[in-house]
Amino acid sequence: MTDLTTSRPAITAARTSWLRKLASANKILIIGGSVLTFIVLAALIGPFIMPYGAEDTSLMDRFKAPSLTHLAGTDSFGRDVMTRVLEGAHVSLLIGLFVVIITMVLGIIIGAIAGFFPKLDNIFMRVMDAGEAFPTLLLAIALAAVLGPGVVNVVLALGIAYAPRTARIVRASVLTLAQQQFVEAARASGASNLRIILYHLIPNALAPVIVQMTFVFADAVLAEAALSFIGVGPPPPSPTWGNIIADGRTYLYSAPWITLFPGIAIFLTVMSLNLVGDGLRDQLDPRLKGLS
Amino acid sequence: MIRYIIKRILSAIPVLLVVSVIAFLIIMLVPGDGASVIAGQDASVEEVEFVREQLGLNAPWPIRLGEWVTGLAHGDLGYSYILKRPVSEAIIERLPVTLSLAFLSIVFASFFGILIGTLAAVFHRTWVDGLVMSISLIGVSVPNFWFGLIAILVFSVGLGWFPPGGYVPLSDSFFGWLHAMTLPAITLGTATMGLISRFTRSVMLEQLGQDYVRTAHAKGMYRSEVIGKHALKNAMIPILTVIGITFSLTMAGAIVIEAIFSLNGLGRLMLHAITRRDYPVLQGGLVVIAFSFVFINLLVDILYSWLDPRVRYD
């Protein structure tokens, strides 16, 4: 997949063009976007509508099967699973968002420097090669284990783990963009390297990065769930989708609903993000249509 | 050809070196060090200091890094004071389980991924295409540990077709091994299958639009032959690269899947190392997985140059 990005022809379009293309949104984008909006709204509003608190225990109501009073049943402490899933959405979505921000900042800085300064390119890219040799999930597990459990550490671990791939994409764009005439023109008119990178190269290299970020978001939601599931994610009692499933696993046979609903939430979120990513790519970069 | 292989192997060495340094630095981030873990919770400051001295943890980090890298070059991954044995020994003991899981999962993902991806390309813009794209979207979106739990619930507890966990060594019985590994391998392979089918579809679409395919049709070749003998053969080269890349996804996923299916592999060894703060084992596991990723991709590159001689002249 790296071959695709290195061989891509130059993006000559102006900075605003990708925004304009978005205006004529396609079907996949609309479906994915609507599901995602629904999930975000449910996460924001849900906890206020639900009559239970995410950490309200009730010994009388342990292991209640899904019903009208408890839409997704209750767990071993009699806590309402639906409320916990909605509450868990906050953690998962916020972690995803912050991972995207960190990955994007790291990826753009490293990628732009590597693409613009040939002398640093080799060193930077060998480090990125090595970083990519560690599977992202594994790198995140190791970092989270070493840094200790906690939301901030999970975000840092995932953000660092996804940076190499993003840096590679930025570098590939910057390499071709740096050869373009508008860069030469900017230099001729006395622009500094920093100005060329910030105002000319990065804005033009942004479109593939934005597409990549939706996939990083999707991946981060999956990875955070996996980290929470194996116990190196954000510490309990705050519910996350991963640790609700981990709790439910003990009662998998007697109360499968505890496991079922948070999994569906993860699935819908990741699927909608993937659809948005595909849709954005079709809009912003039609040449890559259907590729992944 | 041999020149290319040598060049390619040499270019992997700096990557391996940086990989070892990264693995070292990650463990460096640990607040405090292994000494307090080994000395025990009730140890006095002097006792911890003694252990630290014994382990050579007092040496400045560049020296310890040097020792770590030279150790690696000799196949020495360090010593676990919690398992009371060399790390490499503990890893080698667990490796067959993880490799079986990874191998079967990649075989499953590649076979079905290439099959349905090809079908989608051949029946482009029909319901077959739509179905395949949906399956691949579901494959990459479903959290695999959850899928594994649901699979246990349905296929082990409900239908009783497969054991809910445990490992049968290949040397004991082939069918026992296959039977035990079927659910874990499919669970681990769902995402990879999604990626491979999508990729196969797009590569095949590109190939089927080429002139040589039209020529093959024009000279009266059967459609199945055109697809299988020409298009798929050419598409296999990039597909192979993607399969090599997904190896890393598979190894990381194995850590979680092993926990669900009670498989005593490398992943579980590493998870235990995390909970027991056995950092040498964690570090060793990281390096082994990263090295195997570099090695697999080296193999893919060499295979690639053998399949497509043009690559060698780049």
Side-chain angles (χ1 to χ4, degrees), chain A residues 1-4 126-148 215 218-219 221-223 225-227 229-232 241-242 245-246 248-249 252-253 256 259-260 262-264 266-275 278 288-292, chain B residues 14-19 21-23 26-27 29-31 136-138 140-147 149-150 152-153 157 191 194-195 198-199 201-203 205 238 241-242 245 248-253 255-256 259-260 270-271 273-275 277 279 282-283 285-286 289-291 293-294 297:
Chain A
M1 277 172 269
T2 41
D3 306 79
L4 288 173
R126 285 300 83 73
V127 175
M128 294 296 114
D129 279 348
E132 275 184 307
F134 294 101
T136 41
L137 183 63
L138 179 67
L139 195 56
I141 289 175
L143 282 170
V146 162
L147 297 169
F215 295 121
D219 241 35
V221 170
L222 278 178
L227 290 181
F229 179 74
I230 59 174
V232 291
W241 288 337
I245 295 178
R249 189 189 168 190
L252 183 63
Y253 310 139
T259 307
L260 194 65
I264 293 174
I266 299 171
F267 171 66
L268 285 178
T269 309
V270 174
M271 194 184 65
S272 63
L273 282 164
N274 279 327
L275 284 174
D278 285 344
L288 293 176
K289 206 163 195 164
L291 295 179
S292 70
Chain B
V15 177
L16 292 180
L17 201 66
V18 182
V19 163
V21 174
I22 292 178
I26 290 174
I27 306 301
L29 289 173
V30 179
S136 102
L137 180 66
I138 292 171
V140 296
S141 304
V142 72
N144 58 11
F145 60 94
W146 177 76
F147 183 80
L149 291 175
I150 302 297
I152 292 178
L153 196 61
V157 182
L195 287 175
R198 271 183 93 142
F199 191 74
R201 173 180 174 273
S202 62
V203 178
L205 279 179
T241 317
V242 170
I245 292 169
S248 118
L249 199 74
T250 306
M251 286 301 267
I255 296 182
V256 185
I260 291 171
M270 289 173 72
L271 275 189
I274 289 171
T275 47
R277 308 218 293 153
Y279 297 117
L282 182 60
Q283 198 175 26
L286 273 175
I289 292 180
F291 273 34
F293 176 73
V294 175
N297 283 288

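Heavy atoms of A:Tyr253 lying under 4.5 Å from chain B belong to its backbone as well as its side chain. For B:Ile255, the part sitting under 4.5 Å from any heavy atom of chain A is the side chain, from C-beta outward, and nothing else. A:Val221 does not touch chain B: none of its heavy atoms, backbone or side chain, sits under 4.5 Å away. Proximity to chain B involves both the backbone and the side chain of A:Ile264, based on heavy atoms less than 4.5 angstrom apart. Both the backbone and the side chain of B:Leu149 come within contact range of chain A, judged by heavy atoms closer than 4.5 Å. Contact annotation for B:Val15: both backbone and side-chain heavy atoms come within less than 4.5 Å of a heavy atom of chain A. Looking at B:Leu205, neither its backbone nor its side chain comes within 4.5 Å of chain A, counting heavy atoms on both sides. With a 4.5 angstrom heavy-atom cutoff, A:Ala225 touches chain B via backbone and side-chain atoms both. With a 4.5 Å cut-off on non-hydrogen atoms, B:Val140 touches chain A through its backbone and its side chain both. Of the two parts of B:Leu286, the backbone and the side chain both hold a non-hydrogen atom closer than 4.5 Å to a non-hydrogen atom of chain A. Both the backbone and the side chain of A:Leu260 come within less than 4.5 Å of a heavy atom in chain B.
Of the listed residues (A:Leu273, A:Thr259, A:Asp219, A:Leu139), the greatest number of heavy-atom pairs within a distance under 4.5 Å of chain B belongs to A:Thr259. Highest contact tally toward chain A, considering only B:Leu282, B:Ile260, B:Thr275, B:Val294, is held by B:Ile260 [criterion: heavy-atom pairs under 4.5 Å]. Between chain A and the residues B:Ala252, B:Ala273, B:Gly285, the largest count of heavy-atom pairs under 4.5 Å involves B:Ala252. The choice from A:Val127, A:Val232, A:Ile245, A:Ile141 that makes the most heavy-atom pairs within less than 4.5 Å of chain B is A:Ile245. Contacts with chain B were tallied for A:Leu275, A:Val270, A:Leu268; A:Val270 has the most, counting heavy-atom pairs under 4.5 Å. Between chain A and the options B:Gly253, B:Ala191, B:Ala259, heavy-atom pairs under 4.5 Å are most frequent for B:Ala259.
Atom CG of residue B:Leu137 and atom CG of residue A:Asn274 lie 6.0 Å apart, to the nearest 0.5 angstrom. B:Phe293 CZ to A:Leu138 CG: the interatomic distance, rounded to the nearest 0.5 Å, is 12.0 Å. Note that CH2 of B:Trp146 is 12.5 Å distant from CH2 of A:Trp241, once rounded to the nearest 0.5 Å.
Across all their heavy atoms, B:Val256 and A:Phe229 have their closest contact at CG1-CD2, 4.1 Å. The two residues A:Phe134 and B:Ile22 have their closest heavy-atom pair at CE1-CG2, 3.6 Å.
A heavy-atom distance below 4.5 Å is not found between the side chains of A:Ile230 and B:Ile274.
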